[in-house]
Engineer: 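Structure below; questions to follow.
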Amino acid sequence: MHPVTCGLEVHQQLDTRKLFCSCRSQLVEGQGARFVRRLRPTQSELGEIDRAALAQAERGMRFTYQAPPGVSCLVEADEEPPHAADAEAVQAALIVSTLLGCQVMDEVHFMRKIVIDGSNTSGFQRTALVAVDGALEVDGRRIGIASLCLEEDAARKVDTKDREVTYRLDRLGIPLIEIATAPDMHDPEEVREVAQRLGSILRSTRMVKRGLGTIREDLNISVPGGARVEIKGAQDLGLLPTYVRTEMERQHALIEIKRLLRGRGATPVPLAVRDVTASLRDSRSKVLRSALSKGGKVLCAPLPLFAGALRSADGRLRLGAEMAQHARSRGVAGIFHSDELPGYGITAEEVQALRAELRLGERDAFVLCADMEDRAGPALLAALARANQALVGVPEETRDPLPDGTSVYSRPLPGAGRMYPETDVRPILIEPERLAGIRATLPELPEARIARLVGEYAINEQQARQLVRDGHDGLFEEVGRGKGMAAVAARTFLSTYPELQKEGVDLEALSDAKVREAFAALSAGRFAKEALPSVLREMAKGADAEGAMAALGLEAIDQRDAVRVLDAIIAERAEFVRERGEGAVGPLMGVAMKELRGKVDGKAAADLLRERVRVFLEG
Amino acid sequence: MFSENMDVRSWQTLAEAVADELNAGAEGVIVPHGTDTLGYTSAALAFMLGDVPRPVVLVGAQRSSDRPSSDAYGNLLSSARFCVQADAAEVFVLMHGETSDTFAHVHRGTKARKMHTSRRDAFQSINAPPVARVDIEGGLELLAPCRPKGRGGVRPELAMEEEVGLLYFHPGMRPELVRKVAEGLRGLVVAGTGLGHVSQGVVTILREIVSQGKPVVMTSQCLGGRVNLNVYDTGRDLLSAGVIPGEDMLPETALVKLMWVLGRADDMEEVAKLMASNLRGEISERREL
């Protein structure tokens, strides 16, 4: 049996107009007009309310939307029906489907997927299945492609306050290609490789957006005896293996908790809370005092036989943390549980008194929540419901990825009942001739491109592979065409970029346009190639090429000026030069470059210095 | 049923059903209705039901109720709140007051018009302020005087002349076409340009139609404002042809009203008098800036 089974969903933004209107698909700074909405769970045709939708509705949220001009219109505001699906976006989806060897649908039908966290003004996301049953090969292993969908991106969350979330509509409706693999991956590193390969294939169409947040991954992870857990919206490919590993550990710990609880004969706890405000009224705990001073209550619930499962001494078993995440999803700041008490200002005496009041034994646990009663109650009940799930094992759920490689509970996995037809958008017929046309003009696949880069630019295969994998190949070809530029360009993307990143330079700020500008100045002989990293560093801080060169004091000088500088250096050290003859060139090079760095190419400077030394010696 | 399939018969059935509820003692009657022709139905109910003792509220949604973002819930809830809390007894239309899910506007049934194909706040009071504002999360504010609630019941007057038409004049409209349109009709409402004008050729045909004993009522495509047939020659010609100025009535309301008036009066003078009188709040006496 495999130690872990993973599936991957890649969401890639397309560089077209929006999917259902002609707004620009671009993120902007402006907020635009504001409006406020609420969403309600609706019944599917089966008469069921989806469990994920219900969980969201129970939070009683209010949504504020910012509608910036140019990038949002009545369609995003849910005030006008969607227009026909963007033809270019459909074409991109068909091209990628073909590249992945998928079976394309005869008719593409848009569906509504209920989402009521406010990220879609309509309360649903429009999505269409375009193709199924493809595959790609990664390191000799076949990874199945289960489906390829064309869907609309959600609105961008810009603020969360209490029970009000603010979204900006610029991102809503940007077309996304969603590729779902089969659960064919069994190794954390393999997940990253597959994601990178899919990214390269998507980019080969030249119809996708680039940059942070334009490609997002959902991971489905399960271990034997665990359950399918979805980590949704990871943006950093490098972290994918870490998410897999931490989720494996989490599921193993939950399986161990189940064994421990069952071994003790623990049974589901009743979903009931007690008011223990009176017993803790004089507590010095800051959290309790702050809640009580606002008129809140301290609510408590016993968890018989759960001691040690909420947080084991070695920190591996952490059911308490899981329960706290569920409680927080109901709007409280957190909960306290007995495995972490005394602590947080709650004394041993207070814990003892509470245990006596609740008649708890040594192996029994309890949880506390202090907040307004209408909030603490539901939060504690959610925590108890999560505790009871521990007796069954690993619950299926959706989790949010965190930058440290862990994840946090977000909501139950949606059920199957949340999809129904989008009747406002006509189905799209895909004629066989159209697919034949696409097959005849497919873009270059990553492997072919690697081979071509090696042939055309005289770089090695390792470099070409890395350029394609990291998505620099397009820009590389643009700036690497000039004489001698390919090597500089390869070094820039493969060495300079990682170095700048390590220094903390924001590479996102280094747009393609800026890189083109820097290379244009370099090609024009405005500065020497040694200065390129410094120029790029300055440009990442916001300067244009001219500004960067000025700030660095770089201005290429002509031969005559260089000769003057070198002759002065030689004259100052005349005795040394006479003594060492041409052997003086090496030691003088350091002094010369101090004056000429960035203004004269290094090799040219060395040649010129040698020549001037000779001229000097010859008298 | 789709609201575009409503007809005089359905208005009559609806008016009877509403009257039955009111006569059975209902605190108010809420009528969920498709929005496309909601304004016609509200006008029809207003004329047929007369002085209702308790509110009748027509309500709709611009987003269907199978969507999480539907405005149906907020509008329905606000209708119920308005029926219970406001001392107002007329036929009303209640819909969203702005794009946000914040408040609904209550419109007089004879003054409401769908002014946008898709927005939640599509309905507006034309030539009148909204009657009330209902906050979707609670709260009610009356914005214009209306008839207070009372005791007793209603005796609906259901009769209507179905053979009435509404003609939208445009430049170059062939007078002969107008003659043909009027052939099978008992009365005609014209949506004219500006203050209430049509071409000289069409004036001649309208004179002919009136002389056949068929009333012609002039309204304006401008929607906003009152027709005035005294300002230009064309207007004065229309008056001398016997065309009835429709004041500041919506063309659709004038159509429904003419149907209802012809259901109880034949005499041209009587018809003209009724059309010029404010019966159900369909004509405003004065409008301030």
Side-chain angles (χ1 to χ4, degrees), chain A residues 21 33-47 49-50 52-54 56-57 60-67 72-83 112-126 155 163-164 169 172 418-424, chain B residues 1-5 30 32 34-38 59-81 94-105 112-124 130 133-141:
Chain A
C21 65
R34 291 161 66 86
F35 61 93
V36 179
R37 295 274 170 74
R38 283 178 174 279
L39 294 173
R40 301 181 49 75
T42 49
Q43 296 194 341
S44 71
E45 278 161 21
L46 303 170
I49 290 180
D50 182 70
L54 193 64
Q56 285 164 0
M61 302 297 282
R62 232 166 87 101
F63 308 112
T64 298
Y65 296 97
Q66 301 172 347
S72 69
C73 67
L74 288 182
V75 174
E76 283 86 353
D78 191 43
E79 286 285 44
E80 181 178 315
H83 305 183
R112 297 171 175 175
K113 183 157 58 171
I114 297 287
V115 182
I116 58 168
D117 62 359
S119 60
N120 289 71
T121 45
S122 56
F124 49 75
Q125 179 194 32
R126 298 184 182 94
R163 291 180 197 186
E164 180 157 343
L169 296 183
L172 179 62
R418 68 166 178 166
M419 290 265 243
Y420 65 110
E422 167 54 277
T423 42
D424 296 348
Chain B
M1 103 191 249
F2 287 126
S3 75
E4 55 269 35
N5 294 328
I30 296 171
T35 56
D36 274 13
T37 68
L38 193 150
V59 62
Q62 287 285 82
R63 296 287 89 76
S64 56
S65 56
D66 63 338
R67 307 171 174 233
S69 63
S70 174
D71 48 334
Y73 178 80
N75 289 345
L76 266 175
L77 197 72
S78 301
S79 301
R81 182 170 289 128
L94 181 144
M95 290 289 286
H96 260 49
E98 61 172 4
T99 186
S100 287
D101 287 332
T102 42
F103 66 89
H105 267 146
R113 192 173 197 275
K114 188 176 186 178
M115 297 298 286
H116 196 278
T117 56
S118 55
R119 284 179 62 128
R120 287 163 172 75
D121 54 1
F123 278 81
Q124 288 178 22
R133 169 188 159 125
V134 186
D135 288 341
I136 286 172
E137 288 174 26
L140 171 84
E141 187 189 358

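Quantities reported herein were computed from a predicted structural model and do not represent experimental measurements. Within every chain, numbering begins at 1; the chains are lettered A, B, ... in the order of the sequence lines, protein sequences first and strands thereafter.
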Engineer: May I ask you to decide if the ring planes of B/His105 and B/Phe103 are parallel, tilted or perpendicular, using 30° and 60° as cut-offs?
Structural biologist: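 It falls in the perpendicular class, over 60°.
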Engineer: Who among A/Asn120, A/Val36, A/Thr121 has the most heavy-atom pairs with chain B under 4.5 Å?
Structural biologist: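 Option with the greatest count: A/Val36.
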Engineer: Against chain A, label B/Ser65 side chain, backbone, both or neither, depending on which of its atoms sit under 4.5 Å from a heavy atom there.
Structural biologist: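 Answer is backbone: N, CA, C or O of B/Ser65 sit under 4.5 Å from chain A.
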Engineer: Under a plain distance cut-off of 3.5 Å, with no hydrogens placed, do B/Asp36 and B/Ser3 share a side-chain donor-acceptor pair?
Structural biologist: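 Not at all, the side chains of B/Ser3 and B/Asp36 share no donor-acceptor pair under 3.5 Å.
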Engineer: So which part of B/Arg63 gets closer than 4.5 Å to some heavy atom of chain A, the side chain, the backbone, both or neither?
Structural biologist: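 B/Arg63 touches chain A through side-chain heavy atoms alone.
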Engineer: Measure from NZ or CZ of A/Arg37 to the centre of the six-membered ring of A/Phe63, then state whether that distance is under 6.0 Å and the direction lies within 45° of the axis.
Structural biologist: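 Here A/Arg37 fails the 6.0 Å and 45° test against A/Phe63.
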Engineer: Mind checking the CZ-NZ spacing from B/Arg119 to B/Lys114? Nearest 0.5 Å is all I need.
Structural biologist: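 Atom-to-atom, B/Arg119:CZ and B/Lys114:NZ are 13.5 Å apart.
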